[in-house]
Amino acid sequence: MAEILVVVDHAEGAVKKVTLELLTLARSLGEPSAVWLGSGASADALASLAEYGAQTVYVAEGSDLDEFVVAPKTEVLAQLVAEKSPAAVLLASSAEGKEIAGRLAVKTNSGVITDAVAVEPDFTATQSVFGGAVVVHSRVNTGTPIITVRPNSTAPEPAAAAGARVDVAVNVSDAAKGAKVTGRTVAQKGGRPELSEAAIVVSGGRGVGGAEGFGVVEALADSLGAAVGASRAATDAGWYPHQFQVGQTGKTVSPQLYIANGISGAIQHRAGMQTSKTIVVVNKDPEAPIFELADFGVVGDLFAVVPQLTDEIGKRRG
Amino acid sequence: MKIAVCVKQVPDTWAEKKLKSDDSTLDRESAEGVLNELDEYAVEEALRLIEAHGGEVVVVSMGPERAGETVRKALSMGADAGIHVVDDNLRGSDALATSAVLAKALEGRGFDLIIFGSESTDARMSVVPAMVAERLGIPQVTFSQKVEVEGSTVRAERVTEYGFDTVEAALPAVVSVVEKINEPRYPSFKGIMAAKKKPVETLALAELGIEPTAVGLAGAWTAVADFAERPPKAAGTIVTDEGEGGARIADYLVEQKFI
Ligand SMILES: Cc1cc2nc3c(=O)[nH]c(=O)nc-3n(C[C@H](O)[C@H](O)[C@H](O)COP(=O)(O)OP(=O)(O)OC[C@H]3O[C@@H](n4cnc5c(N)ncnc54)[C@H](O)[C@@H]3O)c2cc1C
Ligand SMILES: Nc1ncnc2c1ncn2[C@@H]1O[C@H](COP(=O)(O)O)[C@@H](O)[C@H]1O
């Protein structure tokens, strides 16, 4: 069977859920091999890749991959593509995943498709564009299909495979070492699931009224095991950290359930959450455009509705 | 310092965007074209850098005839000159073609910095800046929320999934900026008048040494097989809170098996 390269998305040595989704998807296209770029490939991490179907795990370690922006990773990946001639390369649709994909496309003279939500066995990719209004099927017609896939597009299913580790030599050219990372700032993370991967996202906007107001949003999120998101109005005001912004210039989320509290539904916000499977809205203005997206909406004050909802969830679970 | 800013004309953010049924390309005529709002931040950042260090800002755009309006808009904000790549063969170009054309238009002109927006609001790929850096073989400092130039070094804060990285590169370099970096200025009346007299160089593919078959729909590395408009979402249930709004949502979540 044809080899499919799946680039592993990892943070602090842990494999992200989206990678398990990609491996699951890759099994329907051919034989998945995982590609680990950067340091931190622990035995545990590699075991989880094997558990989800990686026949081979190519491991490219070396500080050059961590200390310079994107280009070294692309170089190593391009070498691997040249050597293995895979049928396709799959990556997560994160900012960096897309950049690696774009540069790899240039290096290998191949077509690139970003933000796919499905990939058929003939490598036809499905994209949801213009805020979900149009569904497009596209294909790469030159070179190796390079496709980035959105988190939450496939349900990850284990299917154990060998997961044989193959170390890859890392020889990065000087040209690829142009942009050096001299410092890393990790914002407070907390114990919640990651925003772009979470099955449920609870967000707050200007209607939350201030940093303290996010307490009710967080309490609801915790009752559902959800991630917390925010509109730009809330992040710009400093009520919630920027990396939780949902929208055009924040994260794109596509969870099973999105609960928008005190958010009006500006087009830039919608761009990041419109493809959520189920949308619940709480807003005191019945004219707020976000209601157009709602599967279920309550016109009311979020400070009354949200705490009651949190309580009710506790009771019904209790 | 010589700075290039790549700007794209896109359909107005609020306009309904459509694909054309004959060739599946974006219908650019049906909606008003505007300067991609994320590129306004790129123009603003370039102007601020020039105000601090001296030099010149050149806006570069690839797009149909009327994308010239977008170049003028950037000139009216304060950029000094424009380069507009326009050629009928470019219609339907994908990211590979766009990055190839921009790289050719930028090459050999002595730019110290090439600044991009983080994303075009129509294609939404966020890949063109990285691809241009790859083609030009110069450092990539993308998704910057802060940019500083000191001598021949650019220092930036690159937004990441977990916070931000501080990144350093030697000039010339490619930079892309995110919207939190600044507040773009509005063109003044004086700026609008002045823009009319600023030089804009129009370039066709032949002048860049690019074969017409290498770009556009004909040369695209990817092709749309088909597309369909998603049926409008069925109207949801909207209730007014009369003291039981939270409980009503809980009922709904139970019904939908979320709890
Ligand atoms: C280049 C650019 C990029 C952008 N990118 C993004 C992005 O990525 N993400 C994003 O979100 N925005 C983005 N925006 C901003 C966007 O245009 C809106 O300004 C923003 O989304 C508004 O946030 P909001 O809905 O929280 O605030 P508002 O529009 O002010 O809405 C607040 C809502 O809260 C309701 N409300 C108030 N009090 C209560 C209460 N007690 N109970 C219940 N409801 C209440 C109000 O009725 C109102 O509908 C971008 C804008 C630009 C120009
Ligand atoms: N046709 C174009 N002309 C000039 N700049 C462009 C063009 N297309 C994309 N860009 C630049 O590349 C950035 C990212 O675009 P994209 O990769 O399409 O999301 C934009 O914000 C622009 O700065």
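First the proteins, then the strands, lettered A, B, ... as listed; each starts at 1. Values in this document were obtained by computation on a predicted structure and should not be read as measured data.
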message: Assess the residue pair A:Arg316 and B:Asp251 against the criterion (salt bridge (Lys or Arg N to Asp or Glu O under 4.0 Å)); give the C-alpha distance rounded to whole Å, side-chain angles, the decisive distance to 0.1 Å, and a yes or no.
response: CA-CA 9 Å; A:Arg316 285 164 210 233; B:Asp251 292 341; 2.5 Å; yes

- prompt: Side chain, backbone, both or neither: which part of A:Ser173 has an atom under 4.5 Å from a heavy atom of chain B?
  reply: neither

- line: When the 4.5 angstrom heavy-atom criterion is applied to B:Val254 and chain A, the contacting part is side chain

query: Which atoms of A:Asp311 come close to chain B, meaning under 4.5 Å heavy atom to heavy atom: side chain ones, backbone ones, both, or neither?
result: neither

Chain A contact via B:Ala223 - which portion, at a heavy-atom distance below 4.5 Å: both

field: Atom pair CD1/CG of A:Ile259 and B:Leu253 - distance to nearest 0.5 Å
entry: 5.5 Å

field: Side chain, backbone, both or neither of B:Phe164 within contact of chain A (heavy atoms, under 4.5 Å)
entry: both

- line: Checked B:Glu229, B:Met125, B:Glu242, B:Gln140 vs chain A; the most non-hydrogen pairs under 4.5 Å come from B:Gln140

query: How far does CG of A:Leu309 sit from CD1 of B:Ile259, to the nearest 0.5 angstrom?
result: 7.0 Å

message: Please check this pair: side chain of A:Gln308 against backbone of B:Ala247, looking for a donor-acceptor N/O pair closer than 3.5 Å.
response: yes

message: Using every non-hydrogen atom in the two residues, find where B:Met131 and A:Gly102 come nearest and quote the distance to one decimal.
response: CG-O, 3.3 Å

- request: Examine whether an atom of A:Val306 lies under 4.5 Å from a heavy atom of chain B, and if so say whether it belongs to the side chain, the backbone or both; otherwise answer neither.
  value: neither

- prompt: Looking at B:Gly163, B:Pro139, B:Ala228, which has the largest count of heavy-atom pairs under 4.5 Å with chain A?
  reply: B:Ala228

- prompt: Would you call B:Asp165 and A:Lys180 a salt bridge, taking side-chain N to carboxylate O under 4.0 Å as the test?
  reply: no

- prompt: With only heavy atoms counted, which part of B:Ala133 is less than 4.5 Å from chain A, the side chain, the backbone, both or neither?
  reply: both

query: What residue in B:Val127, B:Val239, B:Asp241, B:Leu26 has the most heavy-atom pairs under 4.5 Å with chain A?
result: B:Val239

query: Of the backbone (N, CA, C, O) and the side chain (C-beta and beyond), which part of A:Asn141 lies under 4.5 Å from a heavy atom of chain B, both, or neither?
result: both

- line: Under 4.5 Å to a heavy atom of chain A? For B:Glu119 that would be side chain

query: Any chance the side chains of B:Thr142 and A:Glu99 put a donor and an acceptor closer than 3.5 Å?
result: yes

query: So which part of A:Phe130 gets closer than 4.5 Å to some heavy atom of chain B, the side chain, the backbone, both or neither?
result: side chain

- request: Work out which heavy atom in B:Phe258 is nearest to a heavy atom in A:Gln256; give both atom names and the distance.
  value: CZ-O, 3.6 Å

message: Report which part of A:Leu224 has an atom under 4.5 Å of a heavy atom belonging to chain B: side chain, backbone, both, or neither.
response: side chain

task: Pick one of side chain, backbone, both or neither for A:Ser93, based on which atoms fall under 4.5 Å of a heavy atom in chain B.
output: neither

query: Of the non-hydrogen atoms in A:Gly111 and B:Trp221, which two are nearest, and what is the gap between them?
result: CA-CB, 3.4 Å

- prompt: Does any heavy atom of chain B fall under 4.5 Å from the side chain of A:Ala271, the backbone, both, or neither of them?
  reply: both

message: Apply side chain to side chain contact (heavy atoms under 4.5 Å, CB included) to residues A:Gln268 and B:Glu37 and explain how you reach the verdict.
response: CA-CA 11 Å; A:Gln268 295 92 349; B:Glu37 60 185 345; 3.1 Å; yes

message: Does B:Arg158 form a side chain to side chain contact (heavy atoms under 4.5 Å, CB included) with A:Glu96? I'd like the steps, not just the answer.
response: CA-CA 11 Å; B:Arg158 167 176 161 87; A:Glu96 181 164 300; 3.8 Å; yes

Per-residue contact mode, A:Arg103 against chain B (heavy atom under 4.5 angstrom): both

field: Closest non-hydrogen atom pair, A:Ala294 against B:Ile238
entry: CB-CD1, 4.1 Å

query: Heavy-atom distance under 4.5 Å to chain A: side chain of B:Arg124, backbone, both or neither?
result: both

task: Count the heavy atoms belonging to other residues, nucleotides or ligands that lie under 6.0 Å from NZ of B:Lys104, then report whether that count exceeds 12.
output: no

field: Electrostatic pair B:Glu157-A:Arg184, nearest N-O below 4.0 angstrom
entry: no

task: Please look at B:Leu96 and chain A and tell me whether the side chain, the backbone, both or neither of the residue comes under 4.5 angstrom of a heavy atom of that chain.
output: side chain

- line: Closest heavy-atom pair, B:Val167 versus A:Ala179, reported as atoms and distance to 0.1 Å, is CG1-CB, 3.8 Å

- prompt: Is it the side chain or the backbone of A:Lys251 that comes within 4.5 Å of chain B heavy atoms, both, or neither?
  reply: side chain

- request: Kindly give the heavy-atom pair with the smallest separation between B:Glu161 and A:Ser196, and that separation in Å.
  value: OE1-OG, 4.3 Å

task: Please flag which part of B:Ser24 lies under 4.5 Å from any non-hydrogen atom of chain A: side chain, backbone, both or neither.
output: neither

message: Measuring from atom OG1 of A:Thr275 to atom CZ of B:Arg230, what distance do you get when rounded to the nearest 0.5 angstrom?
response: 8.0 Å

- request: Mark yes when over 12 heavy atoms from residues, nucleotides or ligands other than A:Lys177 sit less than 6.0 Å from its NZ; otherwise mark no.
  value: yes

query: With a 3.5 Å cut-off and no angle check, do the side chains of B:Glu179 and A:Gln248 form a donor-acceptor pair?
result: no

Which of B:Leu19, B:Asp94, B:Val128 touches chain A most, by non-hydrogen pairs under 4.5 Å: B:Leu19

message: Is there a side chain to side chain contact (heavy atoms under 4.5 Å, CB included) between B:Leu38 and A:Thr249? Walk through the geometry before answering.
response: CA-CA 9 Å; B:Leu38 297 170; A:Thr249 49; 3.2 Å; yes

task: With a 4.5 angstrom heavy-atom cut-off, could you sort out which part of A:Ala105 is near chain B: side chain, backbone, both or neither?
output: both

statement: Applying a strict 4.5 Å limit to non-hydrogen atoms, the region of A:Val280 in contact with chain B is side chain

- line: Cut-off 4.5 Å, heavy atoms of chain B, and the answer for A:Thr278 is side chain

task: Using a cut-off of under 4.5 Å on heavy-atom pairs, state which of A:Ile100, A:Val305, A:Ile313, A:Thr185 scores highest against chain B.
output: A:Thr185

- request: Tell me, with the steps shown, if A:Asp295 and B:Tyr252 meet side chain to side chain contact (heavy atoms under 4.5 Å, CB included).
  value: CA-CA 10 Å; A:Asp295 295 288; B:Tyr252 177 77; 3.3 Å; yes

- request: Using non-hydrogen atoms and a 4.5 Å limit, figure out which bit of A:Arg317 sits close to chain B: side chain, backbone, both or neither.
  value: side chain

